[in-house]
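Below is one structure, written out as structure tokens; comments come after it.
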Amino acid sequence: MAKYQLKVNNKDIEIEAMPDTPLLWVLRDNLGLTGTKYGCGIALCGSCTVHVDGVPMRSCSLAISTLENKSILTIEGVGEKELHPVQKAWMAEDVPQCGFCQSGQIMSAIALLEENPNPSDDDIDAAMEGNICRCGTYVRIRRAIKRAAKNDAI
Amino acid sequence: MKTQNTDHKIFKVNRRDFLKKSALGAGGLLLGVQLGCNSKPKLLTGDPAAVLSPNVYISIDGTGEVTLIAHRSEMGTGIRTSLPLVMADEMEADWNRVKVVQAVNDVKYGDQNTDGSYSVRMFYPQLRKAGATVRRMLEQAAAREWGVDVSECKAVNHEVVNSSGDVFGYGYLAEKAGDLPIPEESEITLKSPDDFKYITKKTSIYDLEDIVTGKAVFGFDTNPAGAKVAVIKRNPEAGAGVQTFNPDEAVKVPGVQKVFKIDAPGFPTGFEKPLGGIVVVADNTWAALKGREALEITWAKGVNADYNSVDYLAYMQKQAGKDGNVKREQGQIKTALNNTSKLIESDYLVPHFSHSPMETPCAVAHYKEDGSCELWAPVQDPQWVGRAVASVLGLEEDKVTVNVTLLGGAFGRKSKPEFAVEAAFISKEYGGPIKLLWTRDDDIRSSFYHFLCAQHMKVGIDSDNKVNAWLHRSVFPPIGGSADPNAKEASNFELCMGVLDMPYAIENICCETNEAPARIRIGWLRSVGNINHAFAIGSMLDQVAEARGIDPIDNALELIGDDRQIDFESLVDGFWNYNEKVEDFPWNTARFKNVINTVREKSDWGKDLPAGSGMGFAAHRSFLTYVACVVEVEVDDQNNIKIPMVHYAVDCGVPVNPERIKAQFEGGAAFGASLALKSEITVKDGAVEQENFHDYLVARITDAPYETAVHIIDSNENPTGVGEPPVPPFIPALCNAIYKATGKRVTQLPVRLG
């Protein structure tokens, strides 16, 4: 067990955990931030997607010991004051069914649009194919990303 | 679908039973007086402590807040929104002032088994009446206050108004209506569909904002009792036990609290008993997982240690080639098959599948010393969980409370109570609240699998180019085989999902099955046997159309024959009509032809497509809903398959929540794409070979259809469900499209074009 300092959703945090504890479990168990989900544990499904220093990462496969002083953004930190355009687009298109994968989908979509404000279908495929949705909301995910890109949601 | 292996009754709520009044809070203070536009006071609220609750699903308090109970589990179909919307509409409540509360397990709510696509079918009429009854009571209370006849009072959007323009709010009336008798059924009027405000209209799901902000709480997120985390290492062979285990390294992991064994139930395991294995209880998830990794275990071998699913499927294929047990017979099949001009013969093979919802099975349980147990779990059937926990732990049934959380998907996996029973069992053994988690590899390796299936079909075309003979044999291990060693053959209800209820008007028909005992836990997975049977029939019909030299849709329409209600009860012994009386939900060929004609038109069927592209068609009725599907496919020279477009036409009666219907079809197509193109569970030496999403493949955004158009038939028929119906026709439509695009006929799933 060791102590680690990091920034989560703009707050300075200190936690205690085993060095190889994945960030996913630190967020969920230590910090009670359950918006980030467990789906596979081996970075194949995207449910655990967060931003680390602005980059989308699979938190199930990031050891806490590698994240000292990094800045982490989870779904809870998005749209705190006002819903993010991607969240608004997600609501306007009624994207979710069960909703379990949607935090990860939204985090991946936000990262895509931050890097590429006007993605093509191929860009969307490449950015989003790491996020599995068993309910099959893919058609609406694509539509919501395009809507957010057009800023319709603002 | 409903299991017939347990003796739980399907509880049909009778109106007298569930309509009852509750005591009112003492009256008194008038709050919330608002001046109307003509200076008449609008009395909107009453004593905030007052509660009007004339039935178990609806209550209104003195502030005007309406609380509606969602008694069916929410796994993504939107039922937690759709059924409360029905009540809100009939009672003229303002949806923005409605709070939805999920029900615990309680027989007073009626059936809570959220399975088999029947929530709306079963509860639409009853919940309309429940809402209309409350509306009537509020109008009666207002009429009494005003001293006018009730005919002069009308409930509109959370208020009752009279012909003079006076207004009472529901909060005010909640206090006043409590002593009124429940109106007789003859006194209530259901709304005319022209007056629907929510039913058949668009409403977002109740939890939408919580989901997109990460606030929605699923079973996996729930931890109300400060529970310790538990994981189980299970024998890869289901039902077999532990030979030896050494916990020494596991208990050294910081945070690990306890390591112990649960005995295995043998095989068949049943649906309620834990699989057994070694439990690790720890302070947090990572410690539990690390502790489990450090276990040293040798496994015992059980009766299925030699189960090899690939070999078994080959054996079943041979069985499907032999004369079998006849379940439906018309005419003289053997004579007819000897008198054909063309004989189309094919075998269709489907492997085991795993549901693998994004949220793995999990449950929180708190077994208390007083012999009660409280659970929080993402379960489809909380009443069965309650009974199963009581049974396995030896508790009184009324001492088990099951709080139903949101489910992160299910597809049938979470209707089996066994994972919740595991949590309760561990809690009792450990002596404190326990949060049991299944990892993804647990989910894939220790599930109840969709049955693998071998089918043999022979269809004869005579010298007049008419279809004169239809032989269909389906061989698969039955769901009952998970609980009953004597259940060795497909059961009647499983065969009525696509084999025995085949509607085509052919003179000589024979449907058969042969024994194939279960060698692994079998469970029902979204649309169940319809998956396999629609795949075979939809593909065979396409082959027949080609042999006859006619268009596949023309072929299907011709074979369906005249408009009629098919009298299956005279054709099939013990015909199973999805638990409904045939006279209430007949097999109506006109409705089937209508969806087929609709999809033909909407999909621009027959349009020119470039080389490497193809359109395929299939249609199937399942769970009483009629669906036709056209899939457009593109296959490149590397055999990569893309699905640019899917069209569905669906007749599900009154479309209670059209946006959710569309979503179920969009999602069902993606789910079907997984089953057709990607997914396969294989078992070797009794153990499932797959363990995560690198070897159990599922459709991603690149695999799923790019666009799906859903054409909902405008209907006033009794509504039927849509959770499962999208899946069965999608798969053969896709495979028929692949044939058109490549010349390769698909008769085995998953598709492998070579």
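Fair warning: this is a prediction, and the values are worked out from it, not measured in the lab. Chain naming here is simple, since letters A, B, ... match the order of the sequence lines and numbering starts at 1 in each.
Ion pairing of B:K252 with B:E249 is present here, as a side-chain N (NZ or NE/NH1/NH2) and a carboxylate O approach within less than 4.0 Å. The existence of a salt bridge linking B:R440 and B:D443 is confirmed by a sub-4.0 Å separation between a basic side-chain nitrogen and an acidic carboxylate oxygen.
The CG atom of A:N9 sits 6.5 Å away from the CG atom of A:L33 when rounded to the nearest 0.5 Å. To the nearest 0.5 Å, the span separating CD1 on B:I643 from CD on B:E707 amounts to 13.0 Å.
Using a distance-only test at 3.5 Å, with no hydrogens or angles considered, no donor-acceptor pair links the side chain of A:T34 to the main chain of B:D221. Judged by distance alone, with hydrogens and angles left aside, the side-chain atoms of B:Q380 form a donor-acceptor pair with the main-chain N or O of B:G412 at under 3.5 Å. The backbone N or O of B:V379 lies less than 3.5 Å from a partner atom in the side chain of B:S73, making a donor-acceptor pair. No side-chain donor-acceptor contact under 3.5 Å links B:D441 to the backbone of B:R445. Judged by distance alone, with hydrogens and angles left aside, the side-chain atoms of B:R526 form a donor-acceptor pair with the main-chain N or O of B:G723 at under 3.5 Å. Side chain of A:E93 to backbone of A:A144: no donor-acceptor contact under 3.5 angstrom is found. Counting only distance, with no hydrogens or angles, the side chain of B:E74 and the backbone of B:G76 share a donor-acceptor pair below 3.5 Å.
Atom CD of B:Q102 has more than 12 heavy atoms from other residues, nucleotides or ligands within 6.0 Å. For A:N10, the CG atom is loosely surrounded, since the number of other residues' heavy atoms within 6.0 Å does not exceed 12.
Of the listed residues B:G255, B:A699, B:G668, the one with more heavy-atom pairs under 4.5 angstrom with chain A than any other is B:A699. With chain A as the partner, the residue from B:K215, B:K290, B:E359 showing the most heavy-atom pairs under 4.5 Å is B:E359. With respect to chain B, the highest number of heavy-atom pairs below 4.5 Å among A:I141, A:T36, A:I42 belongs to A:I42. Chain B forms the most heavy-atom pairs under 4.5 Å with one residue out of A:G99, A:G35, A:G79, and that residue is A:G99. With chain B as the partner, the residue from A:Q105, A:E80, A:R142, A:R143 showing the most heavy-atom pairs under 4.5 Å is A:R142. Annotation: maximal heavy-atom pairing with chain A below 4.5 Å, among B:I211, B:V229, B:T285, B:I205, occurs at B:T285. Per-residue heavy-atom pair counts under 4.5 Å with chain B were compared for A:G136, A:A17, A:C40, and the maximum is reached by A:C40.
Checking B:T708 against B:E666 by side-chain atom types alone, no donor-acceptor pair falls below 3.5 Å. For B:Q664 and A:Q97, the side-chain atoms include at least one donor-acceptor pair closer than 3.5 Å. Checking A:Q5 against A:D12 by side-chain atom types alone, no donor-acceptor pair falls below 3.5 Å. Donor-acceptor pairing under 3.5 Å is lacking for the side chains of B:R72 and B:T77.
Heavy-atom neighbours of chain B within the stretch residues 114-134 of chain A, taken at a separation under 4.5 angstrom, comprise A:D121, A:I124, A:D125, A:M128, A:E129, A:G130, A:N131, A:I132, A:R134. Using non-hydrogen atoms only and a strict 4.5 Å limit, the part of residues 61-77 of chain A facing chain B consists of A:I75, A:E76. Interface residues of residues 670-679 of chain B toward chain A, defined by a heavy-atom distance below 4.5 Å and sorted by number: B:A670, B:F671, B:S674. Identified by a heavy-atom distance below 4.5 Å to chain B, the contributing residues of residues 43-60 of chain A are A:L44, A:C45, A:S47, in residue-number order.
For B:A663, the parts sitting under 4.5 Å from any heavy atom of chain A are the backbone and the side chain alike. Of the atoms belonging to B:P254, heavy atoms from both backbone and side chain fall under 4.5 Å from chain A. Within the 4.5 angstrom heavy-atom criterion, atoms from both the backbone and the side chain of A:D94 approach chain B. Contact annotation for B:R80: neither backbone nor side-chain heavy atoms come within less than 4.5 Å of a heavy atom of chain A. With a threshold of 4.5 angstrom between heavy atoms, B:K202 approaches chain A through side-chain atoms but not through N, CA, C or O. With a 4.5 Å cut-off on non-hydrogen atoms, B:M75 touches chain A through its backbone but not through its side chain. Looking at B:I444, neither its backbone nor its side chain comes within 4.5 Å of chain A, counting heavy atoms on both sides. With a threshold of 4.5 angstrom between heavy atoms, B:A669 does not approach chain A through any atom at all. In this structure, the portion of A:L83 lying under 4.5 Å from any heavy atom of chain B is its side chain and not its backbone. Heavy-atom distances place no part of B:L406 under 4.5 Å from chain A, backbone and side chain included. For B:N284, the parts lying near chain A are the backbone and the side chain together; criterion is any non-hydrogen pair under 4.5 Å. Heavy-atom distances place no part of B:V217 under 4.5 Å from chain A, backbone and side chain included.
B:H355 has its ring centre no less than 6.0 Å from the ring centre of B:F411.
Of all non-hydrogen atoms in B:A704 and A:Y138, the two that sit nearest each other are CB-CD1, 3.5 Å.
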Salt bridge (Lys or Arg N to Asp or Glu O under 4.0 Å) assessment of B:K642 paired with B:D636: CA-CA 9 Å; B:K642 272 185 146 22; B:D636 69 14; over 6 Å; no
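Within the 4.5 Å cutoff, the side chain of B:V231 has no heavy atoms near those of the B:K233 side chain.
Screening B:F218, B:W286, B:F220, B:W438 against A:Y38 for a ring-ring contact (aromatic ring centres under 6.0 Å, His included) leaves a single residue, B:F220.
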